[in-house]
Every structure is written in C-alpha cells, then in structure tokens.
Number of protein chains: 2
Amino acid sequence: MATIYDVAQRAQVSPATVSRVLNGQATVDPDLAARVQTAVRDLNYRPNSVARNLRRSRTTLWAVIISDVGNPFFTALVRGVEDVGQRAGYSVVLCNSDEDPAKEARYVTAALEDQMAGVIISSSGRSANVQRLIEAGTPVVAIDRQISGTRVDSVLVDNEHGAELATAHLAEHGYRRIACITGPRTVSTAVQRLRGYQRALAAAGLEAPDSLVRHADFREDGGYAAMASLLDAGDPPDAVFAANNLMTVGAVECLVDRGVAIPAEIGVVGFDEIPGARLFRPSLTTIAQPTYELGRTAATLLAERIAEPDRPPSTVTLQTDLKIRESSQR
Amino acid sequence: MATIYDVAQRAQVSPATVSRVLNGQATVDPDLAARVQTAVRDLNYRPNSVARNLRRSRTTLWAVIISDVGNPFFTALVRGVEDVGQRAGYSVVLCNSDEDPAKEARYVTAALEDQMAGVIISSSGRSANVQRLIEAGTPVVAIDRQISGTRVDSVLVDNEHGAELATAHLAEHGYRRIACITGPRTVSTAVQRLRGYQRALAAAGLEAPDSLVRHADFREDGGYAAMASLLDAGDPPDAVFAANNLMTVGAVECLVDRGVAIPAEIGVVGFDEIPGARLFRPSLTTIAQPTYELGRTAATLLAERIAEPDRPPSTVTLQTDLKIRESSQR
DNA sequence: CTGTTAGCGCCTTCAA
DNA sequence: TTGAAGGCGCTAACAG
C-alpha cells in the first residue's frame with residue numbers, strides 16, 4: 001500500500017501538505033493541492049485510518065451491545081443507531097451479549113482496548129460493565145434498559161405505563177384472571193413492565209397473586225414454557241400479558257398447539273410490536289415501541305456527549321402506543 | 001490511560017518484557033511475569049489495540065455489508081457471522097447498503113481505510129466494489145448473492161432449484177396462472193429465482209407471459225405494490241410466487257386488504273422463511289433457507305482465507321427446503 | 001503557506 | 001532470557 005510519503009514524493013511536496021489537502025484543514029496553494037490530488041489518484045492512495053486513529057487518539061467506531069440482533073426489536077434499534085452514526089462518520093460494531101454478563105464484559109473490554117469512540121448498551125443487568133466504561137472516560141448511552149446506581153445518558157421507553165395500558169385494556173374487555181409473563185429479574189424492563197401490570201390490576205380491583213406471574217428469558221421458547229406452566233397450574237388465567245415480542249409469539253404458539261381459543265378463552269396482549277402482527281391468527285394486540293427512534297435518539301445523544309463530554313447526563317423517555325387488534329377482545 | 005511503559009516502570013522491567021508477558025510469546029522468567037501481571041492489575045492497564053494494529057499492520061475487524069439488517073434473513077446471517085467471528089477473535093462491523101451501490105462503495109472504502117481483516121458482502125449488483133477489495137488484497141467472501149466475473153469465495157443457496165420447487169408445488173395444487181414477484185434485475189438472487197420459476201412453468205406445460213412477472217425492490221411495500229399491480233392487470237393470476245420474505249408479507253397484506261381469499265382464490269408461496277409464518281392467517285408456505293448456517297459458513301471461509309490467502313477460491317452452495325403450509329393448498 | 005520533526009503505543013528484530 | 005531501539009503511517013507543533 002502506498003503511504004502518505006509516496007504521495008508526497010510524487011507530488012513534490014511534504015507529507016504535511018498531503019495531510020492538509022486530505023483533511024481540508026489549513027489553506028493550501030491550489031497548485032499544490034491539485035498535484036496532491038493527482039498523485040493520490042495515480043497511486044490509488046487511501047489513508048490508513050489505523051495510523052490516523054493512533055495519532056489522533058480517537059477512532060470512528062461505536063459499539064452497540066445488545067442481547068440479540070435476532071430480535072426484531074434490537075434490529076430496528078441498531079438500524080436507527082447505524083443511520084445516525086453513519087451520517088456522523090461512525091461505523092457500528094455489533095455485539096450480541098445473549099443476556100450473558102460475562103459476554104457483555106468481554107465486549108466492554110474490547111471496546112476499551114479498541115479505543116472505541118462510544119458505546120450504546122442495553123445491559124443485561126449488572127451495572128459494573130457500564131461503570132468500567134465511564135471510569136475509562138468512554139462515552140456511553142444506555143438504551144432500552146436502565147443502569148442502576150450510575151448517572152449515564154439514557155434512552156428508555158415508559159415501560160410501566162405501557163404495561164399498565166396493556167393490562168387495563170384486558171381488564172376493560174372483561175378478563176379477570178390476567179397473567180403476566182415477564183423477563184429476567186435482573187433486567188429493568190422486565191421489572192418495570194411487571195410493576196405496570198400490577199398497578200393496573202390494583203386499579204381495576206383485580207387480584208394479582210404470584211401464581212399468575214412467570215419470569216422467563218425474553219425468548220420465544222421461554223414464553224412458550226411459561227404459557228404452558230400457567231395453563232397447567234391449578235387455576236389457569238383467562239388472559240395473559242407478555243412482556244416482550246418473542247415471548248408473546250411463544251405464548252401464542254403454545255395456545256395454538258393446545259387448541260386454546262384466542263381471544264375467546266384467553267386474551268393476549270404483547271409488549272413490543274411484532275412484525276406481521278396484523279397477519280397473525282388472530283391478529284395480536286400489542287404495545288408498540290418507537291424502536292427505530294430509540295436507536296436514533298441514543299445515537300444522537302452519543303454524538304452530543306462525544307462533542308461535549310462534560311455536560312450533565314440526560315434521560316429521554318419515549319412513549320408507547322397500544323395497538324388494539326383481535327387477540328384481546330372477546 | 002496507562003501505557004506499556006507505565007507497566008514496565010512499575011514492574012521494573014523493559015516494555016519488551018511486558019509485551020512478551022501479555023502476548024504469551026517467548027518464555028519469560030516467572031518472577032518477572034508475576035511482577036508484570038501485578039503491575040497490569042494495579043494500573044488497570046489495557047493494551048491499546050490501535051497501536052498494536054498499526055504495528056502489526058492487521059486488525060481484528062470484519063465488515064459485513066448487507067442491504068438491510070431490518071430484514072430477518074440478513075439478521076440471521078449476521079448472527080451466524082458474528083458467532084463464528086467472535087470465537088476467532090474478530091468483531092463485526094455492520095454495514096447496511098440499502099441496495100444502493102454508492103452506499104456500498106462508501107463502506108468498501110471504509111473497510112479499506114480501516115484495514116479491516118476481511119469483508120463479507122451481499123452485493124447490490126455491480127462487481128466493481130468487490131473488485132476493489134480483491135485488488136487491495138483484502139479477504140472477501142460473497143454471501144447470498146453471486147459476484148459475476150470475479151473469482152471469489154462464495155456461500156450461496158440453490159436459488160433456481162428453490163424457486164422451481166415453489167412454483168412446481170403451486171402447479172401441482174392446480175394453480176394455472178402463476179405469477180412471480182421477483183427482485184431487482186441487478187441482483188443475482190432475483191434473476192435466479194425468476195429463472196427457476198420459469199423453468200418450473202415450462203416443465204408443467206404452463207405459460208409464462210411477461211405480464212405475470214413483476215420486478216420489485218425486495219421490500220414489503222414493493223411486494224404490496226407488485227401484488228396490487230398484478231390484481232389490477234387484465235387477467236389476474238390465481239397464484240403468486242414471491243421471491244423473498246418481505247415481498248411475500250407485502251403481497252399477502254395486499255391480498256388481505258382487498259379481501260382476496262388465500263389459498264382459495266390465490267395461492268401463495270414465498271422464498272425465504274418468515275418469522276411466525278406458522279401463526280399467519282393463513283399460514284404461509286415458504287422455501288426455507290439455512291440463513292444462520294449461511295453466515296457461519298461465510299465466516300468460516302473468511303477465516304480460512306485470512307489464514308491461507310493464496311488458496312483457490314471456493315463456492316459453497318446450500319440447499320433450500322419447501323415448507324408446505326396452508327397458503328398454497330386449495 | 002509550506003516543510004521539518006517528533007511522537008501516538010506497541011511489537012520485534014537485534015544484540016547482549 | 002532480557003533490554004535497547006527502530007519504525008508501523010499519520011498528524012500537529014513549530015519553524016521558516
């Protein structure tokens with residue numbers, strides 16, 4: 001590969017001048033600039049950004065740490081981050097943690113070693129990983145999931161309110177034994193959605209026994225198993241609120257497999273939109289989140305923090321939207 | 001940040017020794033090694049991989065260039081790449097080209113400038129971008145879509161055969177005017193799937209007039225519009241083969257909106273599996289592709305090429321699988 | 001406006 | 001087995 005010295009030599013100028021031309025910094029004599037441009041083309045020269053990054057001691061990479069890019073929720077979010085990042089000159093490194101704090105920790109280490117310009121993280125629980133980033137001075141934005149005990153830029157949705165809407169909606173449609181399939185106890189969204197569910201039940205004067213609550217893993221199989229467990233329990237529910245998209249699909253699959261009629265025998269509302277929810281049988285009522293916007297907002301916050309590292313952290317909370325379809329109305 | 005010199009000083013050794021300890025290269029006196037380890041911990045030292053990469057003139061990044069991570073097909077594929085890559089010590093940089101060759105070119109430039117260790121690309125048509133990578137000596141693997149006129153490691157599926165299966169299946173179920181919604185003319189998969197469709201029609205002794213073929217953009221809206229256009233044409237089809245997942249969903253939405261009964265009035269088969277296809281109304285018959293395996297295979301090929309740059313390029317073709325469900329059987 | 005020079009942090013020969 | 005030293009390619013002071 002040609003280096004900046006090769007270009008300089010061919011253009012009969014100094015490497016510094018080549019650098020200036022390429023970076024459009026200081027003003028350079030048009031003649032020299034033209035010679036440089038020609039030499040660049042002739043040699044098919046491309047600046048080596050590794051060297052540039054070392055010299056400038058900064059990079060143009062963002063890490064996005066999520067639990068699973070296979071989940072359309074995170075997909076849309078990543079897409080939002082990438083669109084904003086690309087425009088600002090950053091590339092996005094994808095990190096699937098699989099809800100495993102150890103794997104998450106490895107990615108944080110990598111982000112640190114690679115001197116990444118920033119990190120957007122939907123953390124699988126422990127705040128220690130985020131702490132390490134902050135201590136190292138790496139700009140961080142928490143997305144979707146809150147970081148406890150640490151002040152950090154955050155982009156969240158109003159989970160509790162969304163869950164409340166979903167549950168209240170079921171209560172209004174006459175369901176009385178409303179169950180909840182939520183996520184892992186360590187994940188803030190799971191806790192908040194459970195709380196919203198409980199609040200709505202209390203407001204509707206309905207009971208909320210622990211026997212109607214399941215903690216699953218935010219995955220399809222987990223939703224399936226949780227639904228099965230609810231059906232097999234002594235006094236099965238007549239409705240279920242599932243706290244994320246994949247678990248909703250799993251729960252519905254379980255109901256279909258067992259021949260339980262939706263919404264006649266069991267009403268269903270899911271948190272987070274499901275691609276094609278409209279074409280499901282029956283179509284699924286969901287709490288829609290602004291996923292793409294979530295990503296865009298986080299990326300914007302990250303860019304701002306990089307530009308202005310000392311400003312106080314801010315939290316943006318986006319709203320959810322109840323999409324009423326067939327699965328919740330009998 | 002602490003540097004290797006800080007560690008050396010604290011451990012009373014030379015930077016070279018620290019480097020040796022950290023990289024497990026040459027044998028180092030256990031006493032010294034222990035001192036180094038302690039110093040590393042005390043200073044919370046992390047090697048700067050930007051500097052390391054410059055020195056070694058290689059990086060641990062792979063670019064994965066796809067058209068849209070919002071498409072579950074690419075999501076699964078990326079996931080496969082990341083799982084293999086991570087195990088081999090590589091991080092994955094996500095690049096959405098949006099089927100735009102210019103955007104794709106920008107990512108190729110970035111991959112070149114960032115000295116990426118390798119690129120996995122599902123190219124939006126022109127082979128020039130791949131050519132640039134090859135000329136620069138960057139290891140490349142083509143995935144999903146073929147690169148014409150260039151010998152390059154490739155991981156593909158048997159598109160023509162898959163499309164043939166889909167179309168023959170419709171013919172066997174008594175459909176006679178079978179339409180095809182395929183992708184852009186520049187994309188190899190679109191061309192091959194169209195060819196498979198035509199072959200199957202010929203084999204079944206059915207006509208294949210151009211009026212039954214639409215070229216859309218591989219997206220949901222495109223599928224919707226293409227379906228609408230087919231319905232509005234003089235002599236509408238009694239079945240449709242849609243050449244990718246999102247267009248299938250779009251086509252079905254169009255049929256639902258217009259009250260056209262599936263599979264009674266129109267039979268539907270889609271290429272590529274759709275998450276939740278089983279829960280759709282009606283459930284959708286599809287040609288399933290081994291998406292995750294596609295990604296894993298490409299990543300494995302890339303790792304092998306990096307290890308052995310001069311070996312001849314190889315092409316792996318994976319098979320598809322017809323998943324018969326309700327939408328194609330009247 | 002342009003060139004010279006030093007050094008970002010690390011690894012790796014080379015010599016001891 | 002260990003240390004000294006050079007240089008990966010680039011940019012940013014500093015001179016001129």
Side-chain angles (χ1 to χ4, degrees), chain A residues 1-37 39-40 43-61 89 109-110 112-117 136-138, chain B residues 1-37 39-40 43-61 89 109-110 112-117 136-138:
Chain A
M1 275 307 285
T3 74
I4 202 170
Y5 288 94
D6 301 326
V7 175
Q9 194 167 13
R10 188 170 237 271
Q12 307 275 39
V13 296
S14 74
T17 297
V18 177
S19 176
R20 289 185 189 107
V21 171
L22 292 170
N23 295 293
Q25 302 278 10
T27 41
V28 177
D29 183 280
D31 275 6
L32 295 194
R35 260 154 55 198
V36 168
Q37 300 286 15
V40 163
L43 296 172
N44 190 24
Y45 168 75
R46 304 223 159 278
N48 178 328
S49 25
V50 178
R52 168 181 290 170
N53 291 339
L54 176 60
R55 179 59 234 245
R56 290 185 176 162
S57 51
R58 60 199 162 82
T59 68
T60 55
L61 287 176
T109 300
L112 254 20
E113 294 186 349
D114 291 352
Q115 319 289 115
M116 298 224 185
T138 302
Chain B
M1 275 305 286
T3 74
I4 201 171
Y5 288 93
D6 301 327
V7 175
Q9 191 168 17
R10 189 171 236 271
Q12 306 274 40
V13 297
S14 75
T17 298
V18 177
S19 174
R20 290 187 187 106
V21 171
L22 292 170
N23 294 294
Q25 302 280 10
T27 42
V28 176
D29 184 282
D31 276 6
L32 294 195
R35 262 160 46 201
V36 168
Q37 301 286 16
V40 164
L43 296 173
N44 190 26
Y45 168 75
R46 303 220 161 280
N48 178 329
S49 26
V50 177
R52 169 180 289 170
N53 292 339
L54 176 60
R55 176 60 233 243
R56 291 184 175 163
S57 53
R58 59 194 162 85
T59 67
T60 55
L61 288 177
T109 301
L112 253 17
E113 294 186 348
D114 292 352
Q115 318 289 114
M116 299 223 184
T138 301

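Remark: Thr17(B) is in phosphate contact with dG3(D), judged by side-chain N or O atoms under 4.0 Å from OP1 or OP2. Side-chain N/O atoms of Thr27(A) include one lying less than 4.0 angstrom from OP1 or OP2 on dC1(C). An OP1 or OP2 oxygen of dT4(C) is reached within less than 4.0 angstrom by no side-chain nitrogen or oxygen of Tyr5(A).
Following rounding to the nearest Å, Asp29(B) (CG) and dG3(D) (P) show an atom-to-atom distance of 10 Å. Remark: C1' of dT1(D) and CZ of Arg35(B) are 13 Å apart, rounded to the nearest angstrom. Following rounding to the nearest Å, Asp6(A) (CG) and dC10(D) (C1') show an atom-to-atom distance of 13 Å. Atom CG of Leu54(B) is separated from atom P of dG6(D) by 17 Å (rounded to the nearest Å). Following rounding to the nearest Å, Arg56(B) (CZ) and dC10(C) (C1') show an atom-to-atom distance of 9 Å. When rounded to the nearest whole Å, the span between CZ of Arg20(A) and P of dT4(C) equals 11 Å. Rounding to whole angstrom units, CZ of residue Arg55(B) and P of dG7(D) are separated by 10 Å. In this structure, Asn53(B) places its CG atom 12 Å from P of dC10(C), rounding to the nearest Å.
When each of dG3(D), dC8(C), dC1(C) is scored by its nearest atom to the side-chain atoms of Ser14(B), the top-ranked nucleotide is dG3(D). Between dC10(C), dG3(D), dC10(D), one nucleotide has an atom nearer to the side chain of Arg52(B) than all others, and that is dC10(C). With dC10(C), dT2(C), dA4(D) as the candidates, the nucleotide lying closest to the side chain of Asn48(B) is dC10(C). In this structure, the nucleotide among dT2(D), dG3(C), dC10(C) sitting nearest to the side chain of Leu32(B) is dT2(D).
Residue order along DNA chain D, read from the 5' end via each residue's closest nucleotide, puts Pro30(B) first among Pro30(B) and Ala51(B). Nucleotides of DNA chain D nearest to Arg58(A) and Val28(B) differ in position, and the one nearer the 5' end is that of Val28(B).
Proximity of a side-chain donor or acceptor of Ser49(A) to a complementary backbone N or O of Arg52(A) within less than 3.5 Å is not detected. A side-chain donor-acceptor contact under 3.5 Å links Arg35(A) to the backbone of Gln12(A).
Among pairs with a residue in residues 1-13 of chain B, those fulfilling salt bridge (Lys or Arg N to Asp or Glu O under 4.0 Å) read Arg10(B)-Asp42(B), at least two apart in sequence or across chains.
Nucleic acid contact class of Pro47(A) (heavy atoms, under 4.0 Å, all strands): sugar-phosphate only. Here Ser57(B) lies out of heavy-atom contact (under 4.0 Å) with every strand. Residue Val50(A) is classed as having no contact, given no heavy-atom separation below 4.0 Å to the nucleic acid.
For the pairing with Pro15(B), the side chain to side chain contact (heavy atoms under 4.5 Å, CB included) check across Ile4(B), Val7(B), Thr3(B) returns one residue only, Ile4(B).
Within a 6.0 Å radius of CD in Gln9(A), other residues, nucleotides and ligands contribute 12 heavy atoms or fewer.
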